[in-house]
There are 2 protein chains.
Amino acid sequence: MTAEEILGQRDKQVLEAVVIDYIRTGEPVGSRTVAKKYIPDISPATIRNVMADLEELNLLYRPHTSAGRVPTSLGWRYYIDSILTINELAKRDRERIKRAYEGSPKEIQTILRATSRILSELSKQAAVVLLPKLSQTIFKRIQFVRVNQKQVLTIFIAESGIVQSFLVEMDEDISQDELNKYSRYLSESLKGLSLLEVKKRILKEMEEERILFDRLLRKAIELSKKALQVGLDETDIVIEGQTNLLNYPEFADVGQMKKLLSTFEEKTKIIKLLDKCLSSEGVHIILGSEAEFKDVQNMSLISSTYSRGGDILGALGVIGPTRMDYSRIIPLVDYTAKLLSQIFEDE
Amino acid sequence: MTAEEILGQRDKQVLEAVVIDYIRTGEPVGSRTVAKKYIPDISPATIRNVMADLEELNLLYRPHTSAGRVPTSLGWRYYIDSILTINELAKRDRERIKRAYEGSPKEIQTILRATSRILSELSKQAAVVLLPKLSQTIFKRIQFVRVNQKQVLTIFIAESGIVQSFLVEMDEDISQDELNKYSRYLSESLKGLSLLEVKKRILKEMEEERILFDRLLRKAIELSKKALQVGLDETDIVIEGQTNLLNYPEFADVGQMKKLLSTFEEKTKIIKLLDKCLSSEGVHIILGSEAEFKDVQNMSLISSTYSRGGDILGALGVIGPTRMDYSRIIPLVDYTAKLLSQIFEDE
DNA sequence: TATTAGCACTCTCGCTTAATGAGTGCTAAA
DNA sequence: TTTAGCACTCATTAAGCGAGAGTGCTAATA
């Protein structure tokens, strides 16, 4: 028999009380506290009985004999899935987020950085934004800019307005006028493909013999091939407000703090985590204790996806202690993600 | 009478011993230790007398009565200026640094990031690199790339190979062909000026009436003016290896750690500090206790400048506990700065 | 006169012990 | 089924104590 079937109204009430108080104080909650602050019409003794049941169901546990109860990861999960009701984000927060985007230039890096910043600011935790996968973006234009005899700056412009540039080393000197010709030629012939397709196409064309005779085409292809060699698959993230987390008592210990910081230093893990959220739209909640964050057990991630024209571009989220105010953070992440999608839509 | 006049050979020996041992252990050093490990032909009692003198001169102090001695900031300064002898950087370190630059593309951001990384790695401390001031760089070419109806990507290319791009919002749609014309025109007429001069020139030209009749000129000027409005004076830095510092016992305390991290978070202070080094070439050493780093007293900065053709471009350095191995870090910073300058020279 | 040995003194650090108090589980009564 | 009462557990804190490191001072020595 699962918790789902067996939990009565009062059990839920008690579990919720424990969770809420634990979120507030960070300390184990005792029966007396629950009775007094949350369910005054029931005595502590009764609460204790209920708590014992919940402990048996592995929803609560005690750090030690004479301490209060703390939610287990199963407890958190149950609370999030079956008890928590999510309200709309407060109006002033919504306004605040909107304002964060005003005035700033429309450069994608800047927008996403602003997103990360406002998320961390409002959540008072760490925020993370996964940048759109380059290989997925739809190609719109390419432009070559001569830097000096040996170097050419290659700029990809995506339909979504994402601009990405790479510096490419060249064997021979090519004039800017000629580079402009390449740009025009390639932009015309590759428009509408994803960057991944662009790469495939270029490699294929290089194999075919006919380009041997078309000097213009050959040079252009060669150049863009070099540019595309540079990390197309790499995904990048923006992290902001890591130091916010240091104020939480769960990290008020040198060892924990170091672990926390080294987790953030190794971005790949966080990228992987966010990658998982990309598979489906909407808010995802990953609890550290549910095995994903092996290093920092008491952390969790609330994330959502942002998209443009139905296609998921990337993900964003808030990372904080498992003991966080889900009723506030979930709407925050949700709203921000939707607003961000809308901004991309408008472009 | 200053320390300079009064310190005899032996006083220096003792001061040096205290400094060196303190660098190694991080603990106050007692007379016994000095006698045993560093100056075996003198008894602890004598050392104690010397130490008492040094304490009177404010070169050493005692954390508490029964502890050993620790250098004061004056002590550090004296050690650095008058006692320390600097050897050449070990060959394997030199090779290691050289290798760090191999293979990577010649993009300036990448180079500087690699610099920061290798510095932090070899010093096992935090490394910081101040990017060249944009306003000082010599203009070489400008290029405009149409992103969409409203946005134009403006790319400045400097003589030094620095590439910087800004996204600019436009009122009207301009075709790429036309943008190319602007690029050619402006690149021709502004070549060789510093970006600061470029900006001045553009503002001046806008005032003059004649441009009213030259449509091409007017548009081009307008566009670049907008691009130049964006942070020309802002200086950016690259910081790497902050977490290295967390391993030092001086930061093995939650309060210190938080202070340390928030210092790094507020980059402006570090920028100001490095700015000071720009005024003259060579290695500078700033001790935290000498008032600059107000927040983190026990930290210091060793920095040097890198340049191209005699002009100082930027600065780089290592930030670590005041108790660091100056005899190793100074040559490290020095060598790296020189090598970096050479790389720019070669371009 | 400069150096050194000897010794009493100070202060930190780590350990043990005891007191406190929060919270529990169980039993018996309502 | 709920609740009051009570004995019990265990973390946390404060206090006390001894050991050890290091000093400054004095007197003896080279």
Side-chain angles (χ1 to χ4, degrees), chain A residues 6-15 17-19 21-22 24-72 75 249-250 252-254, chain B residues 6-15 17-19 21-22 24-72 75 249-250 252-254:
Chain A
I6 213 168
L7 280 204
Q9 190 56 35
R10 185 154 72 214
D11 305 290
K12 285 191 184 184
Q13 262 188 311
V14 172
L15 178 56
V18 171
V19 167
D21 202 72
Y22 184 61
R24 271 229 268 280
T25 65
E27 310 262 295
V29 245
S31 53
R32 212 183 107 86
T33 313
V34 173
K36 210 170 184 182
K37 295 211 302 195
Y38 299 93
I39 322 178
D41 44 334
I42 300 179
S43 81
T46 314
I47 304 277
R48 277 204 286 282
N49 289 328
V50 177
M51 278 173 152
D53 293 345
L54 292 173
E55 188 168 5
E56 219 161 298
L57 287 166
N58 198 22
L59 294 169
L60 294 181
Y61 84 106
R62 267 176 311 177
H64 56 264
T65 331
S66 77
R69 302 304 210 290
V70 167
T72 62
E250 25 267 273
D253 148 60
V254 184
Chain B
I6 215 167
L7 279 206
Q9 189 56 34
R10 184 154 71 216
D11 304 291
K12 285 191 186 184
Q13 261 189 311
V14 171
L15 179 55
V18 171
V19 166
D21 203 71
Y22 184 60
R24 273 229 268 280
T25 65
E27 311 261 294
V29 267
S31 53
R32 213 183 106 86
T33 314
V34 172
K36 211 171 185 181
K37 294 212 302 196
Y38 301 92
I39 323 179
D41 43 334
I42 300 179
S43 82
T46 313
I47 304 278
R48 277 205 287 282
N49 289 328
V50 177
M51 277 174 153
D53 293 345
L54 293 173
E55 188 168 4
E56 219 162 297
L57 287 166
N58 199 22
L59 295 169
L60 295 180
Y61 83 105
R62 269 175 309 177
H64 56 263
T65 330
S66 78
R69 303 301 212 290
V70 167
T72 63
E250 25 265 275
D253 147 61
V254 184

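In what follows, chains are A, B, ... by sequence order, proteins preceding strands, each numbered from 1.
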For nucleotides 12-19 of chain C, which of its nitrogen or oxygen atoms have a protein nitrogen or oxygen under 3.5 Å away, and what is each distance?
none

[X] side-chain N/O to [N] phosphate OP1/OP2 under 4.0 Å:
X	N	value
Arg32(B)	dT4(C)	no
Arg62(B)	dA21(D)	no
Thr46(A)	dT1(D)	no

Min side-chain heavy-atom separation [X]-[Y] under 4.5 Å:
X	Y	value
Gln13(A)	Val50(A)	no
Val34(A)	Arg69(A)	no
Val19(B)	Leu15(B)	yes
Leu59(B)	Leu7(B)	yes

[X] to [Y] - nearest heavy-atom pair and separation:
X	Y	value
Leu60(A)	Pro71(A)	CD2-CA, 3.8 Å
Ile47(B)	Ala35(B)	CG1-CB, 4.1 Å
Arg62(A)	Gly68(A)	CG-O, 3.4 Å

Whole angstrom value for the distance that separates C1' of dG23(C) from CG of Leu60(A): 14 Å
Length of the CD-P vector between Glu27(A) and dT24(C), whole Å: 14 Å
Please tabulate, one pair per line, each protein N/O and nucleotide N/O from nucleotides 26-30 of chain C that are separated by under 3.5 Å, including the distance.
none

5′-ward residue of the pair Thr65(B)/Gly68(A) relative to DNA chain C: Thr65(B)
Pairwise 5' ranking along DNA chain D for Met51(B) and Pro44(A), keeping only the more 5' one: Pro44(A)
Thr72(B) side chain vs Tyr61(B) backbone, donor-acceptor pair below 3.5 Å: no
Given dA5(C), dG24(D), dA4(D), the nucleotide with the shortest approach to the side chain of Ser43(B): dA5(C)
